[in-house]
Amino acid sequence: TPYNAFVNFNVNENYINIEAINSNNFEENDFLKLDKVENEKIQNTLSLKIDNKKKNILLYRRYKKNDYKCGSPDINYYLKLINLIDPKNFNIICVGDFTIDERKKINKIGAFSNLNLKDDPIFYIWACNNSDVCLLECGGGLSLPIMMGKKCIIFNSVALAHLMPNSII
């Protein structure tokens, strides 16, 4: 089962107090969520043709060349994952460190990826807001879904010092 806690470090000149804070006690982070009008405006601006009858799955790739602490350099790894999830049954929304050519391959097999790099930040925010489940590699892109209380699976990660609410590592 997921470990639903943040760890809070209180540093005082005389001691360090470490306490687990259950994320279920946090107030919902409504300020992170798009309202219906904002959501539809972004969806129209980005020309996203999402099937609203399907659940949305966010796939975040963290990849930096010559950095062996992150995801796979092989796009086929992610294409297999997308096909395993099955774009016929889910809207698979891919964000993160994909090249334009990789994004075209993703779109070709029925998943969604943004082809206009200047729109990436707003596409990412829209994707996080509209996802039911998030598949995340360890990188900066996992923060927003975690803060929004999304159900997350973190993969290609070493679970050292990572305690994420609503997540399975």
Side-chain angles (χ1 to χ4, degrees), residues 2 6 23 26-52 54-83 85 87 90-158 161-169:
F6 281 112
S23 65
F26 290 161
E27 288 184 26
E28 197 167 326
N29 295 320
D30 285 334
F31 67 94
L32 297 171
K33 295 186 178 162
L34 299 172
D35 65 31
K36 187 176 180 179
V37 173
E38 292 171 319
N39 194 58
E40 288 176 4
K41 182 179 176 185
I42 292 169
Q43 192 167 332
N44 290 335
T45 299
L46 298 175
S47 301
L48 296 169
K49 306 288 187 250
I50 296 292
D51 183 347
N52 293 323
K54 298 179 185 177
K55 292 216 179 259
N56 296 330
I57 297 177
L58 174 76
L59 173 61
Y60 164 68
R61 177 192 194 191
R62 198 274 185 190
Y63 176 68
K64 301 293 180 202
K65 217 174 216 176
N66 300 321
D67 181 355
Y68 301 104
K69 297 178 288 190
C70 57
S72 174
D74 183 6
I75 185 61
N76 291 315
Y77 175 87
Y78 300 95
L79 296 177
K80 286 178 190 174
L81 183 59
I82 291 166
N83 282 321
I85 297 166
F90 297 95
N91 295 317
I92 304 165
I93 305 163
C94 301
V95 298
D97 300 320
F98 294 101
T99 67
I100 290 294
D101 288 338
E102 290 170 338
R103 293 168 189 229
K104 288 177 182 176
K105 289 178 183 178
I106 288 166
N107 290 349
K108 191 174 183 177
I109 64 170
F112 297 91
S113 190
N114 181 37
L115 296 177
N116 186 345
L117 294 178
K118 76 175 183 67
D119 290 333
D120 263 5
I122 198 69
F123 181 73
Y124 168 71
I125 292 167
W126 179 88
C128 291
N129 270 271
N130 288 281
S131 294
D132 299 294
V133 175
C134 301
L135 305 176
L136 310 165
E137 290 185 314
C138 197
L142 70 73
S143 300
L144 185 57
I146 296 289
M147 289 188 297
M148 294 178 79
K150 300 290 182 171
K151 298 294 180 188
C152 300
I153 297 172
I154 302 170
F155 67 104
N156 288 344
S157 173
V158 177
H162 285 94
L163 297 175
M164 301 293 176
N166 301 318
S167 301
I168 299 171
I169 298 178

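These numbers come from a predicted model, not from an experiment.
Between atom SG of residue C94 and atom CG of residue L59 there is a gap of 4.5 Å, rounded to the nearest 0.5 Å. Rounding to the nearest 0.5 Å places CG of N56 at 10.0 Å from SG of C134. Once rounded to the nearest 0.5 Å, the distance linking CG of L117 with OG1 of T99 reads 9.5 Å. Expressed to the nearest 0.5 Å, how far CD1 of I82 lies from CD1 of I106 amounts to 4.5 Å. Here the CG-CG distance, from N114 to L48, works out to 8.0 Å after rounding to the nearest 0.5 Å.
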Only pairs under 3.5 Å count here: list side-chain donor-acceptor contacts from residues 137-144, not counting sequence neighbours, and write none if there are none.
unit_1: E137; atom_1: OE1; unit_2: R62; atom_2: N; d: 2.8
unit_1: E137; atom_1: OE1; unit_2: Y78; atom_2: OH; d: 3.1
unit_1: E137; atom_1: OE2; unit_2: Y78; atom_2: OH; d: 2.8
unit_1: E137; atom_1: OE2; unit_2: N156; atom_2: ND2; d: 2.5
unit_1: S143; atom_1: OG; unit_2: G140; atom_2: O; d: 3.4

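For D101, there are no side chain to side chain donor-acceptor pair (under 3.5 Å) partners two or more places apart in sequence or in a different chain. Annotation: salt bridge (Lys or Arg N to Asp or Glu O under 4.0 Å) contacts of D120 (sequence neighbours excluded): R103. The side chain to side chain donor-acceptor pair (under 3.5 Å) check on N130 picks up N39, with sequence neighbours excluded. Applying the side chain to side chain contact (heavy atoms under 4.5 Å, CB included) criterion to I85, with sequence neighbours excluded, gives I57, L81, F90, I92, L135.
Few gaps surround NZ on K54; more than 12 heavy atoms of other groups in view lie less than 6.0 Å from it.
Looking at heavy atoms from C-beta onward, Y63 lies out of side-chain contact with D74 at the 4.5 angstrom threshold.
Here the side chain of K105 pairs no donor or acceptor atom with the backbone of I75 at under 3.5 angstrom. With hydrogens and angles disregarded, a donor-acceptor distance shorter than 3.5 Å links the side chain of N129 to the backbone of L34.
Sorted by first and then second residue, the ring pair (Phe, Tyr, Trp, His ring centres under 6.0 Å) pairs with a member in residues 104-147 form an empty list; sequence neighbours excluded. Listed by first and then second residue, the ring pair (Phe, Tyr, Trp, His ring centres under 6.0 Å) pairs involving residues 33-52 amount to none (not counting sequence neighbours). Counting only residues at least two apart or on different chains, no side-chain hydrogen bond (donor to acceptor under 3.5 Å, both in side chains) pair has a member in residues 42-52.
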